[in-house]
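Taking it in order: structure first as structure tokens, then the write-up.
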Amino acid sequence: MPTPMSQLDETGRETRTTLHHFIDGAFQPSLSGETFEDINPATGKVLADVALGTAEETSLAVAAAKKAFEDGPWPRMPLVERCRILRRIGDLILEKKDLLARAETLDTGKPITESLEGDITRSASNFHFFADYAPSLSEDCFTTGPDERHFAFREPLGVVGLITPWNLPLYLATWKIAPCLAMGNTCVLKPAEWTPYTATLLAEITAEAGLPPGVFNVVHGFGANGAGETLTRHPEVKAISFTGETSTGKAIMAAASGTLKKLSFELGGKGATLIFDDARLDEAIPTAVRAAYRNQGQICLAGSRLFVHRSCFDEVLARVVSQVQQIRVGDPLDPQTQMGALVSREHCEKVESYLAIGLAEGQCVIGGKRHAAYPDGYFIEPTVFANLPEHSRLHAEEIFGPVLPVIPFETEDEVIRMVNSTPYGLSASLWSQDVDRCHRVSKGIQAGMVWVNCWFARDLRTPFGGRKMSGIGREGGRYSLDFFSEMKTVSYRYHQ
Ligand code: NAD
């Protein structure tokens with residue numbers, strides 16, 4: 001069977017290809033031979049036929065991961081040895097970054113420069129970071145007397161299920177895989193059905209890097225009643241790390257309750273950018289535009305509402321619109337393109353339904369419709385709405401598209417109330433030169449992350465995650481390693 005990477009090489013990347021599961025170190029079709037179609041959202045054409053994983057393939061993958069955990073070398077290897085292999089995976093991602101970026105762009109519709117400089121580069125850093133960080137972490141020792149010590153240390157969990165979304169496919173999968181494997185677990189990844197490509201390529205890379213068979217498995221397929229749900233209900237799966245929609249998180253929590261698994265959820269968001277009257281507008285405005293439209297607005301951390309102090313509202317709105325006008329929407333494979341296609345027809349229609357609400361309720365300042373130049377793909381014009389009623393659904397619900405409502409405010413209390421008036425609590429970015437105000441407002445905002453005079457600044461050691469309906473738990477640095485391990489205390493009494 002040709003490997004997925006070689007197919008991508010030989011076919012010039014445009015020909016319809018086949019993507020298989022990766023179970024116990026080998027690519028395999030589904031037992032039934034059934035497949036589903038993976039569509040290139042920029043053209044509407046079929047990119048790949050993907051093996052359709054059901055309960056059977058998922059159980060095979062879990063069994064392979066269990067065997068690798070119980071009998072294989074991985075959990076018994078010294079941590080530094082495991083991290084050497086993880087580092088090698090990161091190196092190989094960088095070596096093959098052009099192919100990986102191309103596959104990510106064909107699959108998602110995102111601009112190639114974003115795939116190359118954002119998603120794929122970060123995927124490599126996820127492995128490099130955890131390969132360096134995991135061995136640097138200390139373990140605790142408490143002393144209760146001259147002859148008594150209590151050691152607390154991490155042990156792996158066993159087989160872990162990783163379920164990932166389509167908006168940052170390889171980036172978010174590797175953000176889970178690297179710490180999961182560093183801690184000595186084995187895993188089964190269920191990538192999003194709309195974007196299965198780079199997970200399959202990663203499987204090939206892990207084998208090349210020397211990861212033992214069964215340590216990392218990929219099962220393709222759907223969520224509810226499919227491969228995803230089987231993972232969440234499987235008694236041998238000890239934990240689920242999930243990133244995706246809030247409603248899916250609720251379904252997973254219910255399904256996992258029967259087997260009482262450890263759960264980590266990174267869910268939806270409705271981020272806000274706040275521009276105060278003393279903000280440095282030359283920095284705040286381009287960042288607010290980037291925060292709203294990067295990845296076609298399909299980022300959980302997107303600044304998908306822009307609150308502007310009334311004293312500078314007209315100026316900021318005019319400058320935002322002028323910058324939005326200049327966004328180059330086009331062929332995602334063109335390096336000049338700044339905004340590509342939305343991920344799928346279904347998602348595009350969902351975003352269009354919000355455009356219809358915005359057009360009926362408020363003022364569409366720019367955009368507001370499908371992009372006429374690309375009728376076969378799922379392109380939407382970058383859109384700005386103003387004068388929406390405060391309780392508009394566009395202010396509260398996650399649209400996950402290039403749609404930005406701009407909202408005026410007068411006081412700190414008022415803007416904090418409006419920012420907090422969604423079920424979500426993931427992130428916000430506030431712009432002001434008054435450090436006391438920044439402190440007050442960032443304290444008042446109910447979110448896991450607040451950026452002050454910046455957006456998307458990240459240190460991978462810091463906790464990443466959301467409050468309210470945006471998630472449970474934190475990822476990043478020691479928080480990831482804590483999730484992917486079980487603490488054990490061993491108390492010693494010595495005899496002199
Ligand atoms: P989704 O919830 O529809 O799907 C995510 C994954 O879950 C897919 O692999 C899907 O097959 C699987 N799934 C669906 N139903 C399932 C079920 N019942 N049981 C098990 N698995 C199931 O999410 P999506 O549409 O792929 O991604 C977009 C969402 O992800 C947005 O809400 C976005 O905000 C969120 N997201 C959050 C973060 C974060 O860090 N908080 C990051 C990226 C994306």
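Counting starts at 1 for both ligands and their atoms, in listed order. Numbers for residues simply follow the sequence, beginning at 1. Not measured: the values here are computed from a predicted model.
Proximity annotation for atom 7 (O) of ligand 1: of F222, F242, Y424, F242 comes nearest, heavy atoms only.
Judged by the shortest distance from any of its heavy atoms, F265 lies outside the 4.0 Å radius around the atoms of ligand 1. Ligand 1 lies out of reach of W194, whose nearest heavy atom is not under 4.0 Å from it. A192 counts as a contact of ligand 1, since one of its heavy atoms falls under 4.0 Å from the ligand. Remark: distances from the non-hydrogen atoms of P191 to ligand 1 include one below 4.0 Å.
When only interatomic distances are considered, the shortest N/O to N/O separation between L267 and ligand 1 falls below 3.5 Å. Considering backbone and side-chain N/O atoms, T246 never comes within less than 3.5 Å of an N/O atom of ligand 1. Taking only nitrogen or oxygen atoms, main chain and side chain alike, E398 reaches within less than 3.5 Å of ligand 1. Any N or O atom pair closer than 3.5 Å counts here, and T243 shares no such pair with ligand 1. Checking only distances, T232 never comes within under 3.5 Å of ligand 1, N or O to N or O. Inclusion of K190 in the set of residues having an N or O under 3.5 Å from an N or O of ligand 1 is warranted.
Side-chain atoms of K270 come within 3.5 Å of backbone N or O of L394 as a donor-acceptor pair. Counting only distance, with no hydrogens or angles, the side chain of Q296 and the backbone of G340 share a donor-acceptor pair below 3.5 Å. With hydrogens and angles disregarded, no donor-acceptor distance shorter than 3.5 Å links the side chain of T164 to the backbone of L172. The backbone N or O of V159 sits nowhere less than 3.5 Å from a side-chain atom of K66 that would complete a donor-acceptor pair. Within the 3.5 Å criterion, the main-chain N or O of Y171 finds a donor-acceptor partner in the side chain of S123.
Shown in contact with L172 at under 4.0 Å from a heavy atom are these atoms of ligand 1, numbered in order with element: 42 (C), 43 (C). For ligand 1 and I252, the ligand atoms under 4.0 Å from any heavy atom of the residue are 19 (N), 20 (C). Near L426, meaning under 4.0 Å from one of its heavy atoms, ligand 1 places the atoms 41 (N). Remark: ligand 1 atoms within the under-4.0 Å shell around heavy atoms of F464 are 40 (O).
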- Verdict with supporting geometry, W166 and F400, ring pair (Phe, Tyr, Trp, His ring centres under 6.0 Å): CA-CA 12 Å; W166 47 260; F400 227 51; 5.4 Å; yes

- salt bridge (charged side-chain N to carboxylate O under 4.0 Å, His left out) evaluation trace for K350 with E397: CA-CA 12 Å; K350 179 184 153 195; E397 297 177 14; over 6 Å; no

- Test salt bridge (charged side-chain N to carboxylate O under 4.0 Å, His left out) on E352 and R370 and set out the steps. CA-CA 8 Å; E352 282 184 281; R370 288 281 284 267; 3.2 Å; yes

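Aromatic ring orientation, F22 versus F27: tilted (interplanar angle from 30° to 60°). By the 30° and 60° cut-offs, the orientation of the rings of Y133 relative to F130 is perpendicular. Taking the six-membered ring where the residue is Trp, W194 and H347 present tilted rings, their angle falling between 30° and 60°.
When non-hydrogen atoms are compared, ligand 1 lies under 4.0 Å from neither the backbone nor the side chain of L301. With a 4.0 Å heavy-atom cut-off, ligand 1 is reached by the side chain of N167 but not by its N, CA, C or O.
Using modelled atom types and a 3.5 Å distance limit, the side chains of H395 and S421 yield no donor-acceptor pair.
The protein atom (non-hydrogen) at minimum distance from atom 22 (C) of ligand 1 is G223 CA, 3.3 Å. W166 NE1, 2.8 Å is the protein heavy atom nearest to atom 25 (O) of ligand 1. Annotation: atom 28 (C) of ligand 1 to nearest protein heavy atom, F400 CE2, 3.7 Å. Ranking the protein heavy atoms by distance from atom 38 (C) of ligand 1 puts C300 SG, 3.0 Å first. Given atom 9 (O) of ligand 1, the protein heavy atom at minimum distance is T164 O, 2.8 Å. The shortest contact between atom 14 (C) of ligand 1 and any protein heavy atom is with T248 CG2, 3.4 Å. Among all non-hydrogen protein atoms, the one lying nearest atom 10 (C) of ligand 1 is E193 OE1, 3.5 Å. Counting only heavy atoms of the protein, atom 35 (C) of ligand 1 lies nearest to G244 O, 3.3 Å.
The two residues S241 and E475 make their nearest non-hydrogen contact at OG-OE2, 3.5 Å. The two atoms that bring K176 and I163 nearest to each other are CE-O, 4.0 Å, heavy atoms only.
Geometric assessment of R294 against the ring of F456 yields a positive cation-pi assignment under the 6.0 Å and 45° thresholds.
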